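Report on one structure; see the data block that follows.
All values derive from a computational prediction rather than experimental measurement. Keep in mind that the numbers below use all heavy atoms, side chains included, and drop hydrogens, waters and symmetry copies. Counting begins at 1 with the first residue of the sequence.
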Amino acid sequence: MNIKEAKQEIVNTVRAYTSRDETGAFRIPFEKQRPLLLIGPPGIGKTAIMEQAARECGINLVSYTITHHTRQSAIGLPFISKQEFGGKEVSVTEYTMSEIVASVYEQIEKSGVQEGILFLDEINCVSETLAPTMLQFLQYKTFGTHRIPEGFVIVTAGNPPQYNKSVRDFDIVTLDRVKKIEITEDFDVWKEYAYRAGIHGSILAYLEIRKENFYSIRTEVDNKYFVTARGWEDLSQIITVYEELRIPVTENLIVQYLQDPEIARDFATYYELYNKYRNIYRIPEILEGNAPEEALAVKNSPFDEKLSLISLLIDSLNGEFRDYAQDLAVQKSLLETLGRVRSSLKECDTGAACGIRALDVVQGFRREAEDQLRRDLDAGMLDRGGEKTGRLAIEALTELEKELGIRGTGDARVDFGLCKSWFDAREAARQTAVKTAGDHLTHSFEFMAKTFGEGQEMVIFLSELSAGFYSLKFVTECGNEAYYRYNRLLLLNDRKQQLQDEILKLQGLV
């Protein structure tokens, strides 16, 4: 099973386990809800899909690496209490609440959401003293004397023994109490995630050419060399920041993330070529419809170079498409806030008559948004995109406050008119950016058609656009005639080829 399929399986399990019947009881009794056990190589995204699944389901996520725990921190500390049995008081041993169980309850308090995922990583690497506790946990969902609250789905993960000497094999008794899912690395699935996560174009272009280097673990006598999906993603982030700060990206930096000197050296060489192509082919000019002669001459270049050019185009377009999605989310948030501002002011003819100023109302909603963002971040209920949307919306409301502070009159109707004009100006700028992005996409198709016709390069370009989350969102919501035209054309050509093949088969020629 690949990582995408595993995430969907987690989502399906969460929905099934938290489903209730007409009486409010769980359809699958809590004690019969088997924990999930994900087994797969390190660095392929097991933790990442936990975050994605939790957010998709709108529930909590509490994560622990279980190898960091001792028996005491997992089950709690013992203490002596008094109980009465048969009229006689006796001393008995009880346990303080486990740190892990306490964290689950704390998360419920923070978020106000009762359901969630408790994710325990490296479950098959626990110490000898903790192993019996983990078996009890998998069977009864308890640490010590404290039970995981109902509504929380338990997901565990571990690495196969070839990747970790500390791995303990689970016996049949344990395996018969879990839902075991074996995960393998898959570049094509990771690429879908990579487009959405904004992985650097040089990495996507390189891996399209060198797919065998996407995931690699090899052992020699005196060392271990490895490259993982996590390594590529972390490398992407540091490259992006280094480029913004104009710090050179060197092989010495790359090998810190790709811990295989051969692959690191190969990517470092390609990264230099990628930047060379960026300068030669002048992507901004292609996007504006003014492709330089050097770019048109790529038709006679090696296929690797063509792929690099396509990747540069896709990377630039995806940047605009991500901005489109972000700007739209911010505008929707601001529109909702302005609707609340209007509701607060609608009964006022003037600020003097009702004692309410638009400035005060906007300021109150901005502070409310700041508090909500702080709570959501503290509860871990936002991804990076959601956090950025929240911060940009707050920044925009701060800008509106300044506008009202300078131009506000105190009259509710006049000042709300200022708010509306401010919002309309933002929307006009957004629509201009949408049109620009659409023009850039059209010019890219024109360049591809002029340079490569309807060849495999056009097929690759269209396929990459169709595979990207933000590019597909942009085309679906804003439309683009060039995209639709070439998509229909290529589909028609595929159908013609299928019919020709069928005719040849009937004639016995193939």
Taking the six-membered ring for Trp, are Trp232 and Tyr206 parallel (under 30°), tilted (30 to 60°) or perpendicular (over 60°)?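 It falls in the tilted class, 30° to 60°.
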Check [X] against [Y] and note the closest heavy-atom contact, atom names and distance.
X      : Y      : answer
Gly390 : Leu373 : C-CD2, 4.3 Å
Pro41  : Asn159 : C-OD1, 3.9 Å
Ser466 : Leu472 : O-CD2, 3.6 Å

Using a strict 4.0 Å threshold on nitrogen-to-oxygen distance, state whether Glu336 and Arg340 make a salt bridge.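 No.
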Looking at Asp439 and Lys435, is any side-chain nitrogen of the basic one under 4.0 Å from a carboxylate oxygen of the acidic one?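 Result for this pair is yes, salt bridge flagged.
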Has the side chain of Thr337 got a donor or acceptor atom that lies under 3.5 Å from a matching backbone atom of Ser333?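 A pair under 3.5 Å: yes.
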For the side chain of Ser111 and the backbone of Asp376, is there at least one donor-acceptor N/O pair under 3.5 Å apart?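 It does not hold such a pair.
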Aromatic ring centroids of Phe445 and Phe461 under 6.0 Å?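 Yes.
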Donor on one side chain, acceptor on other, [X] and [Y], under 3.5 Å:
X      : Y      : answer
Glu233 : Tyr193 : yes
Arg15  : Asn12  : no
Glu368 : Gln372 : no

Gap separating the CG atom of Leu258 from the CD1 atom of Ile203, nearest 0.5 angstrom: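 If we round to the nearest 0.5 Å, Leu258:CG and Ile203:CD1 are 7.5 Å apart.
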Roughly how far, to the nearest 0.5 Å, is CD1 of Ile181 from NZ of Lys7?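 Rounded to the nearest 0.5 Å, the NZ-CD1 separation comes to 13.5 Å.
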Under a 4.5 Å cut-off applied to non-hydrogen side-chain atoms, are Tyr483 and Ser471 in contact?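 They are not in contact (no side-chain heavy atoms under 4.5 Å apart), so the answer is no.
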Val113, Leu118, Asn60 screened by side-chain contact (heavy atoms from CB on, under 4.5 Å) with Gln107, the one that passes: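 Testing each of Val113, Leu118, Asn60 against Gln107, the sole residue satisfying side-chain contact (heavy atoms from CB on, under 4.5 Å) is Asn60.
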